[in-house]
Amino acid sequence: MNSKFNRFELIKSAIDSLDRSYAPYSHFNVAAAVLASSGKIYTGVNVENASYPAGICAERNAIFHAVACGEKGITAIAIIGGLNGQITDYCPPCGVCRQVMREFCDPEHMTVIIAKSTDEYKEMTLAELLPESFGPDSIV
Ligand code: THU
């Protein structure tokens, strides 16, 4: 677990991004904020498409945003989401997003935060969310 970082700042970054979510089909708005190894925060939102499978989750958008900006690793992610932008429950990351996180982190030290607000959240490691995972080291 990456314990030395500002949870409030990471969750707040996700919350502040939520109104940029583009979800005209599901109306389920999601936002994520990734803490990169450099210490910088990168945000992402879900972006849907009229051709449904072409849409992408908030978590992957945030991670790809970080990688596109030159980051090589991530150490934490905060996720919030809910129907019509109302955060009434936790929004755990989907399986595909867990696998994408796996590519850019050490699962034992990657903190995943699912939040309802800056002071109501749960956190776990990626290793807990994706045990016995397949990663870059699996194919060498
Ligand atoms: N969604 C995410 O952005 N992240 C997740 O981990 C789960 C689902 C999005 C995809 C789609 O735009 C909407 O939520 C409903 O599934």
Side-chain angles (χ1 to χ4, degrees):
M1 178 87 73
N2 169 16
S3 52
K4 289 183 204 153
F5 68 95
N6 187 331
R7 271 90 177 138
F8 178 91
E9 186 186 16
L10 197 64
I11 296 167
K12 179 80 166 44
S13 298
I15 292 171
D16 288 348
S17 303
L18 191 60
D19 63 358
R20 296 198 285 270
S21 157
Y22 178 75
Y25 306 105
S26 72
H27 304 286
F28 194 86
N29 301 104
V30 186
V34 162
L35 179 64
S37 311
S38 68
K40 290 186 187 159
I41 290 174
Y42 298 85
T43 58
V45 295
N46 59 329
V47 179
E48 298 185 347
N49 191 280
S51 176
Y52 289 8
I56 190 166
C57 291
E59 298 91 319
R60 270 175 287 154
N61 248 350
I63 294 165
F64 296 156
H65 179 192
V67 173
C69 289
E71 300 290 351
K72 301 287 182 235
I74 59 174
T75 61
I77 188 169
I79 306 156
I80 57 153
L83 200 59
N84 299 312
Q86 300 302 303
I87 311 304
T88 56
D89 208 349
Y90 296 111
C91 178
C94 80
V96 175
C97 289
R98 294 177 196 201
Q99 181 64 34
V100 170
M101 289 174 206
R102 173 68 180 87
E103 188 71 18
F104 300 106
C105 73
D106 170 358
E108 298 286 347
H109 296 103
M110 168 72 184
T111 304
V112 179
I113 296 175
I114 53 177
K116 288 190 197 174
S117 70
T118 51
D119 50 26
E120 195 177 359
Y121 60 87
K122 293 196 244 186
E123 64 180 61
M124 54 227 84
T125 64
L126 183 62
E128 290 169 321
L129 285 176
L130 192 69
E132 301 294 336
S133 62
F134 188 90
D137 45 329
S138 309
I139 56 168
V140 290

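Remember, it's 1-based here, ligands and their atoms both numbered in the order they're listed.
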Could you tell me whether the side chain of S37 and the main chain of G73 form a donor-acceptor pair under 3.5 Å? yes
Distance-only donor-acceptor check, side chains Q99 and S133, under 3.5 Å: no
Would C91 count as a contact residue for ligand 1, given that I'm defining contact as a non-hydrogen atom of the residue lying under 4.0 Å from a ligand atom? no
Quick one: which ligand 1 atoms are inside 4.0 Å of a heavy atom on P93? 6 (O)
Please state whether C97 comes within less than 4.0 angstrom of ligand 1, counting heavy atoms only. no
What part of P92, side chain from CB on, backbone N/CA/C/O, both or neither, has a heavy atom under 4.0 Å from ligand 1? backbone
Specify whether H65 and Y42 have parallel, tilted or perpendicular ring planes, treating 30° as the upper limit for parallel and 60° as the lower limit for perpendicular. perpendicular
Please state which part of S26 comes within less than 4.0 Å of ligand 1, counting heavy atoms only: side chain, backbone, both or neither. side chain
Would you mind listing which atoms of ligand 1 come within a distance below 4.0 Å of any non-hydrogen atom of E48? 11 (C), 12 (O), 13 (C)
Indicate whether any N or O donor in one side chain lies under 3.5 Å from an N or O acceptor in the other, for S117 and D119. yes
If you draw a 6.0 Å radius around NZ in K116, do more than 12 non-hydrogen atoms from other residues or ligands fall strictly inside? yes
Give the atoms of ligand 1, by number and element, whose distance to some non-hydrogen atom of E59 is under 4.0 Å. 2 (C), 3 (O), 4 (N), 5 (C), 6 (O)
Heteroatom distance test (I56, ligand 1): nitrogen or oxygen, under 3.5 angstrom: no
Mind checking whether C94 has an N or O less than 3.5 Å away from an N or O of ligand 1? yes
